[in-house]
Amino acid sequence: MPRPRGSLNADFSASRSTLLNRLRKAVVGIDPPSSLRGLALASDVSVPTLRHYFGDKDAVFTAVFEDCRSGAVVELQTAATPSGPFETSVRDLVEHVAEGFRWGGLARLHAVGLIEGLAAPTVGGAYLSNVLEPTISAAQMRLQAHIDRRDMQAVCARHAAISLVAPIVLLFLHQMGLNGARTYPTDVGAFLTAHADGFILGYGA
């Protein structure tokens with residue numbers, strides 16, 4: 001007797017979710033795979049199984065990026081919400097973004113997103129929409145709130161958000177994603193403090 005369609009769909013979704021969890025760990029791992037075969041090996045399944053649940057390699061990376069965003073709802077909401085006066089809020093935001101990168105996988109996630117995304121527009125769009133842009137947008141929302149409160153200059157909040165976030169992303173890509181901590185070490189704490197100081201000085205009302 002055939003199984004009900006709803007049961008089959010539930011089984012498919014559960015198996016796909018389990019596989020997606022393995023893929024996410026592989027993508028943010030020390031040596032992330034870059035081929036469909038490598039992704040399959042890293043998640044302990046065959047290439048046909050991977051194709052069955054996701055399709056091609058671009059679809060796998062897209063699914064991983066989407067999954068990462070769905071798991072970061074609380075963190076993004078925290079980033080978007082002012083945490084006190086402008087100076088305190090900026091320092092908290094810088095530390096919040098940096099703390100995300102101190103979880104080593106985030107730097108590698110950005111690195112994979114750039115490598116795969118620059119090679120494939122579909123993957124690039126997924127990386128931008130689900131990894132990079134949500135951080136910028138959350139910072140923009142926090143800064144716009146301070147502009148509205150008039151404890152920050154009346155500038156373009158989006159431009160200011162990019163100015164705040166981009167150096168942090170580059171710093172951790174340099175130090176962690178590209179192993180710069182070993183070859184060109186930087187005092188990350190001092191950099192973050194100086195970056196926050198400069199932003200506060202430049203944009204404070």
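These values consider heavy atoms only, across backbone and side chains, with no hydrogens, waters or symmetry-generated copies.
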Applying side chain to side chain contact (heavy atoms under 4.5 Å, CB included) to Q140 and I162, what does each step give before you reach the verdict?
CA-CA 8 Å; Q140 179 181 345; I162 293 173; over 6 Å; no
Take I147 and Q153 through the side chain to side chain contact (heavy atoms under 4.5 Å, CB included) test and state the conclusion after the steps.
CA-CA 6 Å; I147 292 171; Q153 292 182 31; over 6 Å; no
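Considering only heavy atoms from C-beta on, L23 stays 4.5 Å or farther from Y53 through its side chain. Proximity of L39 to V47: side-chain heavy atoms (C-beta onward) are nowhere separated by under 4.5 Å. For the pair L106/V28, no side-chain contact is recorded, criterion being any heavy-atom separation below 4.5 Å from C-beta on. A heavy-atom distance below 4.5 Å is not found between the side chains of R149 and P85.
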Contacts table for residues 61-69: side-chain donor-acceptor under 3.5 angstrom, sequence neighbours left out:
unit_1	atom_1	unit_2	atom_2	d
T62	OG1	D58	O	2.9
D67	OD2	R24	NH1	2.5
R69	NH1	S129	O	2.9

Could you tabulate the donor-acceptor pairs under 3.5 Å formed by side-chain atoms of residues 163-183, not counting sequence neighbours?
unit_1	atom_1	unit_2	atom_2	d
S163	OG	H159	O	3.0
Q175	OE1	T186	N	3.0
Q175	NE2	Y184	O	3.0

Distance-only donor-acceptor hits, side chain of residues 118-126, under 3.5 Å, sequence neighbours excluded:
none

Which side-chain N or O atoms in residues 91-100 pair as donor and acceptor under 3.5 Å with protein atoms at least two apart or in another chain?
unit_1	atom_1	unit_2	atom_2	d
R91	NH1	D197	OD1	2.8
R91	NH2	E87	OE2	3.4
R91	NH2	D197	OD1	2.7
D92	OD2	S83	OG	2.7
E95	OE2	R102	NH1	2.7
H96	NE2	E75	O	2.9
E99	OE1	R102	NH1	3.2

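Partners of F54 according to the ring-ring contact (aromatic ring centres under 6.0 Å, His included) rule, which considers only residues two or more places apart in sequence or in another chain, do not exist here. By the side-chain hydrogen bond (donor to acceptor under 3.5 Å, both in side chains) test, T193 pairs with no residue at all, sequence neighbours left out. A26 meets the side chain to side chain contact (heavy atoms under 4.5 Å, CB included) test with P33, A42; sequence neighbours excluded. Under the side-chain hydrogen bond (donor to acceptor under 3.5 Å, both in side chains) criterion, T81 pairs with Q77, not counting sequence neighbours. With sequence neighbours excluded, the residues forming a ring-ring contact (aromatic ring centres under 6.0 Å, His included) with H146 are F86, listed by chain and number. The side-chain hydrogen bond (donor to acceptor under 3.5 Å, both in side chains) test applied to D148 returns Q144, not counting sequence neighbours.
A pairwise comparison of heavy atoms in P32 and V27 identifies CB-O, 3.2 Å as the closest pair. Taking every heavy atom of both residues into account, G84 and S89 meet most closely at O-CB, 3.9 Å.
Sorted by first then second residue, the salt bridge (Lys or Arg N to Asp or Glu O under 4.0 Å) pairs that include residues 111-140, not counting sequence neighbours, are K57-E116, E133-R158. For residues 36-47, every residue pair satisfying the side-chain hydrogen bond (donor to acceptor under 3.5 Å, both in side chains) rule, not counting sequence neighbours, is listed here: S46-T49.
Taking CG of L143 as the start and CD1 of I136 as the end, the distance is 11.5 Å to the nearest 0.5 Å. In this structure, OG in S13 is found 11.5 Å from CG in L20, a value given to the nearest 0.5 Å.
H110 and F101 have parallel rings, their planes meeting at less than 30° on a 0 to 90° scale where 60° marks the start of perpendicular.
Both L128 and V60 are members of a single hydrophobic cluster when ILVMFWY side chains are connected at heavy-atom separations under 4.5 Å.
The main-chain N or O of D11 is found under 3.5 Å from a side-chain atom of S15 such that the two form a donor-acceptor pair.
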